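One structure below.
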Amino acid sequence: MCKIGDIIVVRKYIGDDGKIINKQHSFIVIDDNSNQISGLKYDMVANVMSSFRDDKHKKKKLKYKENLEITSDDIVSENKNNKSGYIKADQLFYFEKSRLDYYVFAHVESELLDELLKLIIELEVENRLKNNLKNIEKQTN
């Protein structure tokens with residue numbers, strides 16, 4: 001089971017465009033309560049994470065308010081890789097854990113989690129959040 005602040009690795013999920021992404025990807029759990037959105041049940045909300053390719057890419061991505069940097073110092077884990085990346089705070093992915101193939105990789109420090117949640121609230125006030133419900137919609141596979 002995962003909890004708020006956990007970094008999870010999802011083995012397969014559906015992107016905003018509706019296409020299945022079979023490549024593993026990291027997410028930070030920001031909510032682990034059962035609820036509904038648009039009549040769809042979910043029990044986890046997470047933000048997707050990405051890596052920087054190089055310093056130029058890092059500089060470009062961090063110009064945007066919705067991208068929050070995460071470094072190895074922000075992560076509590078025995079398996080630190082000393083790489084930095086960023087959290088896409090404006091992209092909320094809704095999941096149903098029982099239908100999701102994932103594992104918990106690490107946990108973020110409370111200071112970063114607080115900063116992330118404050119940023120999400122700011123983005124919500126500015127009406128800049130993107131909700132991805134594709135992973136909780138009925139699948140016709």
Side-chain angles (χ1 to χ4, degrees), residues 1-54 56-141:
M1 288 308 245
C2 60
K3 61 186 180 305
I4 295 173
D6 280 348
I7 297 174
I8 63 170
V9 176
V10 176
R11 292 186 177 96
K12 179 171 129 179
Y13 66 100
I14 302 170
D16 282 335
D17 59 3
K19 293 182 181 177
I20 295 174
I21 300 169
N22 285 311
K23 185 179 176 186
Q24 292 190 142
H25 216 93
S26 299
F27 291 81
I28 293 184
V29 177
I30 59 166
D31 185 6
D32 64 346
N33 294 305
S34 295
N35 210 332
Q36 287 190 10
I37 183 170
S38 300
L40 301 169
K41 293 180 183 179
Y42 68 90
D43 57 9
M44 180 172 55
V45 182
N47 292 102
V48 67
M49 298 170 57
S50 287
S51 300
F52 297 121
R53 291 188 296 265
D54 52 38
K56 183 179 176 183
H57 184 240
K58 177 179 180 177
K59 189 174 180 180
K60 177 183 174 186
K61 290 299 180 181
L62 293 180
K63 284 182 183 179
Y64 298 100
K65 177 181 182 176
E66 62 269 18
N67 293 333
L68 179 63
E69 184 174 14
I70 183 169
T71 68
S72 62
D73 291 338
D74 298 316
I75 299 171
V76 179
S77 172
E78 294 176 11
N79 303 317
K80 288 188 182 186
N81 62 14
N82 292 323
K83 292 183 180 180
S84 66
Y86 61 103
I87 305 162
K88 297 177 182 181
D90 64 330
Q91 297 181 26
L92 304 179
F93 282 76
Y94 292 77
F95 295 108
E96 194 175 348
K97 292 179 221 172
S98 65
R99 294 172 44 191
L100 188 64
D101 185 10
Y102 74 95
Y103 62 92
V104 177
F105 172 73
H107 195 78
V108 295
E109 291 285 351
S110 59
E111 293 83 11
L112 180 74
L113 182 60
D114 289 345
E115 188 177 351
L116 174 60
L117 296 174
K118 286 177 188 173
L119 178 55
I120 291 169
I121 291 168
E122 285 179 34
L123 294 169
E124 181 178 29
V125 168
E126 296 170 5
N127 200 29
R128 293 176 56 192
L129 292 181
K130 301 169 196 156
N131 295 316
N132 180 325
L133 307 180
K134 303 288 185 192
N135 294 280
I136 57 174
E137 294 173 346
K138 295 255 186 235
Q139 300 301 309
T140 57
N141 302 10

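Just so it is clear, the structure is predicted and the values come from calculations on it, not from any experiment.
Counting non-hydrogen atoms of neighbouring residues, nucleotides and ligands closer than 6.0 angstrom, the OH atom of Tyr64 reaches no more than 12 such neighbours. Counting non-hydrogen atoms of neighbouring residues, nucleotides and ligands closer than 6.0 angstrom, the CD atom of Glu124 reaches no more than 12 such neighbours. Counting non-hydrogen atoms of neighbouring residues, nucleotides and ligands closer than 6.0 angstrom, the NZ atom of Lys65 exceeds 12 such neighbours.
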Show your reasoning for whether salt bridge (charged side-chain N to carboxylate O under 4.0 Å, His left out) applies to Glu66 and Lys88.
CA-CA 6 Å; Glu66 62 269 18; Lys88 297 177 182 181; over 6 Å; no
Show your working on side chain to side chain contact (heavy atoms under 4.5 Å, CB included) between Lys59 and Lys56 and close with a plain yes or no.
CA-CA 5 Å; Lys59 189 174 180 180; Lys56 183 179 176 183; 5.9 Å; no
What do the steps show when you test Cys2 against Met44 for side chain to side chain contact (heavy atoms under 4.5 Å, CB included), and what is the final call?
CA-CA 9 Å; Cys2 60; Met44 180 172 55; 3.3 Å; yes
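Counting heavy atoms from C-beta outward, Ile136 and Lys41 have side chains that stay 4.5 Å or more apart. Between Ile30 and Ile120, some side-chain heavy-atom pair lies under the 4.5 Å cut-off. With contacts defined as side-chain heavy-atom distances shorter than 4.5 Å, the pair Ile8/Phe105 does not qualify. The side-chain heavy atoms of Val10 and Gln24, taken from C-beta on, include no pair separated by under 4.5 Å. Residues Ile28 and Asp6 form no side-chain contact, since every pair of their non-hydrogen atoms from C-beta on lies 4.5 Å or further apart. In this structure, Ile75 and His107 have side chains that are not in contact, with every pair of non-hydrogen atoms separated by 4.5 Å or more. Contact check for Leu116 versus Ile87: side-chain heavy atoms found under the 4.5 Å cut-off. Using a 4.5 Å cut-off on side-chain heavy atoms (C-beta onward), Ile37 and Leu133 make contact.
The closest side-chain donor-acceptor pair between Asn33 and Asn35, if any, does not fall under 3.5 angstrom.
Distance check: Asp16 CG to Ile21 CD1 gives 8.5 Å after rounding to the nearest 0.5 Å. Rounding to the nearest 0.5 Å gives a distance of 11.5 Å between OG of Ser50 and CD1 of Ile70. In this structure, NZ in Lys23 is found 7.5 Å from NE2 in His25, a value given to the nearest 0.5 Å. One distance of note links CG of Asp101 with NZ of Lys12; it measures 8.5 Å at 0.5 Å rounding. In this structure, OH on Tyr94 lies 8.5 Å from OG on Ser38, to the nearest 0.5 angstrom.
Using a 4.0 Å cut-off between charged side-chain N and carboxylate O, Glu96 and Arg99 make a salt bridge. Comment: Arg128 does not engage Glu122 in a salt bridge, judged by the lack of any side-chain N to carboxylate O separation of less than 4.0 angstrom. Electrostatic pairing of Glu69 and Lys61 does not count as a salt bridge here, judged by no charged N lying under 4.0 Å from a carboxylate O. Using a 4.0 Å cut-off between charged side-chain N and carboxylate O, Asp90 and Lys130 make a salt bridge.
Between the side chain of Asp74 and the backbone N or O of Thr71, at least one donor-acceptor pair lies under 3.5 Å. Without hydrogens or angle criteria, Asp43 side chain to Lys97 main chain gives a donor-acceptor distance under 3.5 Å. With hydrogens and angles ignored, the 3.5 Å screen pairs a side-chain donor or acceptor of Asn47 with a backbone N or O of Gln91. Using a distance-only test at 3.5 Å, with no hydrogens or angles considered, no donor-acceptor pair links the side chain of Asn132 to the main chain of Leu92.
Between Ala89 and Leu119, the closest heavy-atom pair is CB-CD2, 3.6 Å. The two atoms that bring Asn67 and Leu62 nearest to each other are O-CD2, 3.9 Å, heavy atoms only. Nearest heavy atom pair, residue Ser51 against residue His57, reads O-CE1, 3.5 Å. Taking both residues in full, the closest heavy atoms of Ser26 and Val9 are given as OG-CG2, 4.0 Å, listed atom of the first, atom of the second, then distance. Counting all heavy atoms, side chain and backbone alike, Glu109 lies closest to Asp73 at CG-O, 3.7 Å.
Between Phe52 and Tyr86, the ring planes are parallel. Angles under 30° get that label, and only those over 60° would be called perpendicular.
No close placement of the Tyr102 and Phe27 rings is indicated, their centers lying 6.0 Å or farther apart. The ring of Phe95 has its center no closer than 6.0 angstrom to the ring center of Tyr42.
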